[in-house]
Amino acid sequence: QVRLLESGGGFVQAGGSLRLSCVASGSIDRINNMDWYRQAPGKDRELVARVFMSGSTDYSDSVKGRFTASRDNAKNTCSLQMNNLKPEDTAVYYCSAYLAETGTTSLFNTYWGQGTQVTVSS
């Protein structure tokens with residue numbers, strides 16, 4: 001019933017910008033945190049940004065000052081604005097949400113999107 005869908009990935013030159021979006025749909029009661037992860041070939045999945053229900057954020061040291069995550073609780077969406085992109089940012093980016101479905105208040109589960117590819121060229 002619950003689905004997360006990422007969009008906005010693509011190809012960009014170093015120094016450029018991209019904006020990723022995540023939409024959570026289905027029978028959602030409330031969403032705690034919404035996260036952005038990324039995984040490059042041969043590397044472990046990395047937490048890039050976390051957006052708490054309040055809108056406060058945590059960032060990986062590798063993206064601090066360059067990426068900005070935000071959310072719209074009314075629309076169940078989350079965005080990741082990526083500026084000054086570097087080739088090492090190349091990865092599949094995943095949206096993740098820790099949420100409760102309708103009728104299951106206080107019972108939270110983690111859901112994942114399918115991912116969107118971001119490729120940054122030199």
Side-chain angles (χ1 to χ4, degrees):
Q1 297 191 86
V2 175
R3 182 184 181 187
L4 273 63
L5 180 63
E6 305 96 336
S7 62
F11 298 86
V12 65
Q13 290 183 305
S17 299
L18 285 173
R19 184 176 180 88
L20 306 183
S21 296
C22 174
V23 180
S25 61
S27 301
I28 299 171
D29 181 53
R30 63 194 65 190
I31 303 175
N32 192 346
N33 57 284
M34 299 189 75
D35 302 336
W36 286 100
Y37 287 79
R38 68 185 180 187
Q39 187 166 26
K43 296 185 178 181
D44 294 332
R45 187 168 295 188
E46 172 192 15
L47 176 63
V48 175
R50 171 161 290 167
V51 190
F52 298 93
M53 186 177 294
S54 64
S56 63
T57 54
D58 286 334
Y59 297 98
S60 167
D61 288 340
S62 63
V63 306
K64 285 182 179 178
R66 299 188 298 118
F67 291 10
T68 303
S70 60
R71 64 188 287 173
D72 186 333
N73 291 341
K75 298 180 179 179
N76 290 335
T77 60
C78 182
S79 297
L80 183 67
Q81 178 66 46
M82 304 184 294
N83 298 325
N84 191 25
L85 283 161
K86 303 176 180 179
E88 50 263 43
D89 294 320
T90 295
V92 177
Y93 284 71
Y94 298 90
C95 178
S96 178
Y98 188 56
L99 59 84
E101 296 184 64
T102 55
T104 61
T105 301
S106 299
L107 180 60
F108 287 79
N109 291 306
T110 300
Y111 295 86
W112 293 87
Q114 292 293 309
T116 184
Q117 177 70 48
V118 172
T119 302
V120 184
S121 64
S122 301

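This chain uses plain numbering: 1 for the first residue, then up along the sequence. The figures here come from the full heavy-atom set of this structure, side chains too, leaving out hydrogens, waters and symmetry mates. Just so it is clear, the model here is predicted, and its values are computed rather than measured.
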> Output, in order, the C-alpha distance, side-chain angles, deciding distance and verdict of side chain to side chain donor-acceptor pair (under 3.5 Å) for Asn83 and Ser17.
CA-CA 4 Å; Asn83 298 325; Ser17 299; 2.9 Å; yes
> Could you go step by step and tell me if Phe67 and Leu85 meet the side chain to side chain contact (heavy atoms under 4.5 Å, CB included) rule?
CA-CA 9 Å; Phe67 291 10; Leu85 283 161; 3.8 Å; yes
> Quick check: closest heavy atoms across Asn33 and Arg71, and the distance to 0.1 Å?
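That would be CA-NH1, 3.8 Å.
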> Please examine the side chains of Arg19 and Ser79, heavy atoms only from C-beta on, and report whether any two atoms are closer than 4.5 Å.
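Yes, their side chains come closer than 4.5 Å.
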> Verify the distance criterion only: is there a donor paired with an acceptor across the side chains of Thr77 and Asp72 at less than 3.5 Å?
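There is no such pair (donor and acceptor under 3.5 Å, judged by atom type) between the side chains of Thr77 and Asp72.
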> To the nearest 0.5 Å, tell me how far Ile31 CD1 sits from Phe108 CZ.
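Spacing of CD1 (Ile31) from CZ (Phe108) equals 9.5 Å.
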> Does NZ or CZ of Arg45 come closer than 6.0 Å to the centre of the six-membered ring of Trp112, within 45° of the ring's axis?
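The answer is yes, since Arg45 meets both limits relative to Trp112.
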> What are the two closest non-hydrogen atoms of Ala40 and Ala91, and how far apart are they?
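In this case the closest contact between Ala40 and Ala91 is N-CB, 3.8 Å.
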> Transitively linked via ILVMFWY side-chain contacts under 4.5 Å: Val48 with Val118?
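Both belong to a single hydrophobic cluster.
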> So do the side chains of Tyr111 and Glu101 get within less than 4.5 Å of each other, counting heavy atoms only?
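In contact.
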> Looking at Val51, is its backbone amide N or carbonyl O close enough to the side chain of Thr57 to form a donor-acceptor pair, meaning the two atoms are under 3.5 Å apart?
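No, because the side chain of Thr57 does not come within donor-acceptor range (under 3.5 Å) of the backbone of Val51.
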> Between Glu6 and Cys95 (side chain of the first, backbone of the second, donor and acceptor by atom type, cut-off under 3.5 Å), is there such a pair?
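Yes, because the side chain of Glu6 sits within donor-acceptor range (under 3.5 Å) of the backbone of Cys95.
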> Is Arg3 reaching over with its side chain to a backbone N or O of Ser25, donor-acceptor style, under 3.5 angstrom?
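Checked: no pair found.
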> Count I, L, V, M, F, W, Y as connected when their side-chain heavy atoms are under 4.5 Å apart, and connections chain through other members. Are Tyr37 and Met82 then in the same cluster?
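No; tracing contacts between hydrophobic side chains, which count when under 4.5 Å, never links both residues.
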> Any non-hydrogen side-chain atom of Cys22 less than 4.5 Å from a side-chain atom of Met34?
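Yes. Closest side-chain heavy atoms under 4.5 Å.
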> For the backbone of Tyr98 and the side chain of Thr110, can you confirm whether one donor and one acceptor N or O come within less than 3.5 Å of each other?
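Judged by distance alone, no pair lies under 3.5 Å.
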> List the atom of Gln117, the atom of Thr90, and the distance in Å for their closest heavy-atom pair.
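Heavy atoms of Gln117 and Thr90 come nearest at NE2-CG2, 4.0 Å.
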> For residues Leu20 and Tyr59: do they belong to one hydrophobic cluster (side chain heavy atoms under 4.5 Å, members Ile, Leu, Val, Met, Phe, Trp, Tyr)?
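Yes, Leu20 connects to Tyr59 through the hydrophobic network.
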> Any luck finding a side-chain donor-acceptor pair between Ser60 and Glu46 under 3.5 Å?
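Indeed, the side chains of Ser60 and Glu46 share at least one donor-acceptor pair under 3.5 Å.
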> What distance do Ser96 atom OG and Leu47 atom CG have between them, rounded to the nearest 0.5 Å?
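The distance works out to 9.0 Å.
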> With clusters defined by side-chain heavy atoms of hydrophobic residues (ILVMFWY) lying less than 4.5 Å apart, directly or transitively, does Tyr94 cluster with Leu80?
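In one cluster with Leu80: Tyr94, no.
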> Can you find a heavy atom in the side chain of Gln1 that is under 4.5 Å from one in the side chain of Thr102?
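The answer is no, as the side chains (C-beta and beyond) never meet within the 4.5 Å cut-off.
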> Hydrophobic clusters here meaning ILVMFWY residues chained together by side-chain heavy-atom distances under 4.5 Å, can you tell me if Leu4 and Tyr93 are in one?
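Leu4 does not cluster with Tyr93.
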> If only atom types and distance count, is the side chain of Asn73 paired as donor or acceptor with the main-chain N or O of Met53 below 3.5 Å?
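Looks like yes, one N/O pair under 3.5 Å.
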> A side-chain contact here means heavy atoms from C-beta on lying under 4.5 Å apart; do Phe11 and Ser121 qualify?
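Result no, sub-4.5 Å side-chain heavy-atom pair not found.
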> Salt bridge check, Lys64 against Asp61: does any charged N sit closer than 4.0 Å to a carboxylate O?
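Result for this pair is yes, salt bridge flagged.
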> Tell me, yes or no, whether the heavy-atom count around Glu88 atom CD, taken from other residues, nucleotides or ligands under 6.0 Å, exceeds 12.
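Yes - once you tally the heavy atoms of other residues, nucleotides and ligands closer than 6.0 Å, there are more than 12.
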> Rounded to the nearest 0.5 Å, what separates atom OG1 in Thr116 from atom CZ in Arg38?
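Reported to 0.5 Å precision, the distance equals 14.0 Å.
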> Between Leu99 and Asn76, is a side chain to side chain contact (heavy atoms under 4.5 Å, CB included) present by the stated rule, with each step listed?
CA-CA 10 Å; Leu99 59 84; Asn76 290 335; over 6 Å; no
> Determine, stepwise, if the pair Asp58 / Arg50 fulfils salt bridge (charged side-chain N to carboxylate O under 4.0 Å, His left out).
CA-CA 5 Å; Asp58 286 334; Arg50 171 161 290 167; over 6 Å; no
